[in-house]
Amino acid sequence: TLAEALLAKAGAINAAGSVERGTTVCDHDPLEKQYQHSLNASVVHLTHRDTRVHLIDTPGLPDFVGRPIGALPAVGTAAIVVNAQNGIEMITSRMMQWARKRDLCRMIIINKIDAEKIDLPGVLSRLQAAFGKECLPINLPADGGKRVVDCFFNPEGESDFSSVEEAHSALVDQVVEVDEELMAKYLEKGEVAPEELHAPFEKALREGHLIPVCFVSAPNGAGVGELLDVIVKLLPNPTEGNAP
């Protein structure tokens, strides 16, 4: 469903398909349509802001864990999707561990932020407890999960929980730690220009010093455009041999 939302937002397809109707791009096998979940990995492509992005969508069920493991050698960034209703599952921990062992950039996408009876602050807290303080939100949900607000380039705003200002400061603090010269400038002036953060952001990702957390709702489209922007603006550049 998230892959459909990304493809539709980027204009690669006219409209997002439905798992229930069997009309998604990735679940094209007759058995996948019958069981209404992925059985194999699928490769899809999209273009956003003049950047070509290659996505490998893999099954999320533990029974098919071999598919995502097999995809890891082909990617530069592993994006682990967490269902906001279910929180951390066994497959979540496994994929985070395997991606780390391969020294891959990692990001976490919390999906279904508009679902009922969810505890988004609790999900984020448990992710940080399980995978470290380097798991920091790069955006936060707002208006009851109907949209998200950027926390990296944007130092203020309203969100459903936490504080955009605090999230922004935490991100900058974490990123500048990998660049001594930039950190000295930050400590002296108390701020750095957004354009100065791009290179250290990539370095922090590559070194596992930062695991950005993105909030999104594939069903209602909240955060989908922002996720695409994160992919093309902040993840390692494809021209450097690490396509997201």
Side-chain angles (χ1 to χ4, degrees), residues 1-48 51-113 115 127 131 205 211-221 223-224 227-228 230-232 235-236 238 241-244:
T1 303
L2 180 56
E4 287 291 305
L6 291 168
L7 290 169
K9 187 68 177 180
I13 56 178
N14 293 328
S18 165
V19 172
E20 291 74 22
R21 295 195 302 270
T23 55
T24 64
V25 174
C26 293
D27 289 350
H28 50 78
D29 185 274
L31 284 177
E32 292 177 318
K33 296 180 180 181
Q34 177 183 342
Y35 295 134
Q36 296 188 1
H37 63 72
S38 300
L39 299 174
N40 298 291
S42 298
V43 181
V44 294
H45 318 275
L46 60 88
T47 300
H48 182 67
T51 297
R52 186 70 167 170
V53 179
H54 308 282
L55 300 173
I56 303 179
D57 181 56
T58 62
L61 294 177
D63 292 349
F64 304 98
V65 70
R67 307 305 196 268
I69 292 175
L72 290 178
V75 303
T77 301
I80 290 84
V81 182
V82 174
N83 186 326
Q85 294 173 303
N86 300 337
I88 299 175
E89 299 179 89
M90 180 271 289
I91 191 68
T92 308
S93 300
R94 292 276 184 90
M95 292 310 301
M96 288 291 288
Q97 292 169 2
W98 283 319
R100 178 176 55 80
K101 287 181 179 179
R102 294 196 67 91
D103 293 325
L104 292 174
C105 300
R106 292 171 291 164
M107 67 182 300
I108 297 173
I109 302 171
I110 300 179
N111 193 18
K112 300 184 179 180
I113 61 172
L127 285 169
F131 307 118
L205 275 177
I211 302 173
V213 179
C214 295
F215 289 88
V216 68
S217 173
N220 76 5
V224 174
L227 176 57
L228 284 172
V230 169
I231 291 173
V232 303
L235 295 188
N242 282 303

Smallest separation among heavy atoms of I56 and A41, with atom names: CG2-CB, 4.1 Å
For the student: nearest non-hydrogen atoms of P68 and T58, plus distance: CB-OG1, 3.4 Å
Beyond-backbone contact of C26 with V44, side-chain heavy atoms, under 4.5 angstrom: yes
Return all side-chain donor-acceptor pairs below 3.5 angstrom for residues 15-22, not counting sequence neighbours, or 'none' if the list is empty.
residue	atom	partner	partner atom	Å
S18	OG	E20	N	3.2
S18	OG	E20	OE1	3.1
S18	OG	R21	N	3.2

Straight-line distance of I109 CD1 to N83 CG, nearest 0.5 Å: 13.0 Å
Minimal non-hydrogen separation, V224 against S217, with atom names: CG2-O, 4.1 Å
Minimum side-chain heavy-atom gap L104-T77 below 4.5 Å: no
Any donor-acceptor N or O pair under 3.5 Å, side chains D27, S38: yes
Member of I80, V213, I88 meeting the side-chain contact (heavy atoms from CB on, under 4.5 Å) criterion with F131: I88
E4 side-chain N/O to T24 backbone N/O, donor-acceptor pair under 3.5 Å: no
Separation of K101 NZ from D103 CG (nearest 0.5 Å): 12.0 Å
Residue pair M107 / L235, side-chain heavy-atom distance below 4.5 Å: yes
All ring pair (Phe, Tyr, Trp, His ring centres under 6.0 Å) counterparts of F64, not counting sequence neighbours: H37
Student check: side-chain heavy atoms of V216 and I110 closer than 4.5 Å: no
Test side chain to side chain contact (heavy atoms under 4.5 Å, CB included) applied to R106 and L205, step by step: CA-CA 7 Å; R106 292 171 291 164; L205 275 177; over 6 Å; no
Closest non-hydrogen atom pair between T92 and G87, with its separation: OG1-O, 4.4 Å
Side-chain heavy atoms of L61 within contact of L39, under 4.5 Å: no
Other residues, nucleotides, ligands: >12 heavy atoms within 6.0 Å of K33 NZ: yes
Distance in Å, W98 CH2 paired with L72 CG, rounded so as to fall on 0.5 Å steps: 9.0 Å
Side-chain heavy atoms of L31 within contact of Q34, under 4.5 Å: yes
Donor-acceptor under 3.5 Å (E32 side chain, N40 main chain): yes
D29: side-chain hydrogen bond (donor to acceptor under 3.5 Å, both in side chains) partners, not counting sequence neighbours: none
Sub-4.5 Å side-chain heavy-atom contact between K9 and L7: no
Contact summary for N111 and P219, nearest pair of heavy atoms: OD1-CD, 4.3 Å
Trace of the side chain to side chain contact (heavy atoms under 4.5 Å, CB included) decision for V43 with L55: CA-CA 6 Å; V43 181; L55 300 173; over 6 Å; no
M96 and I108: CA distance, side-chain angles, deciding distance, side chain to side chain contact (heavy atoms under 4.5 Å, CB included) verdict: CA-CA 9 Å; M96 288 291 288; I108 297 173; 3.9 Å; yes
Spacing of CG belonging to L127 relative to CD1 belonging to I211, to within rounding of 0.5 Å: 9.5 Å
Separation between CG of L6 and CG of D57, rounded to the nearest 0.5 Å: 9.5 Å
Side chain to side chain contact (heavy atoms under 4.5 Å, CB included) between I13 and V25, intermediate numbers included: CA-CA 9 Å; I13 56 178; V25 174; 4.0 Å; yes
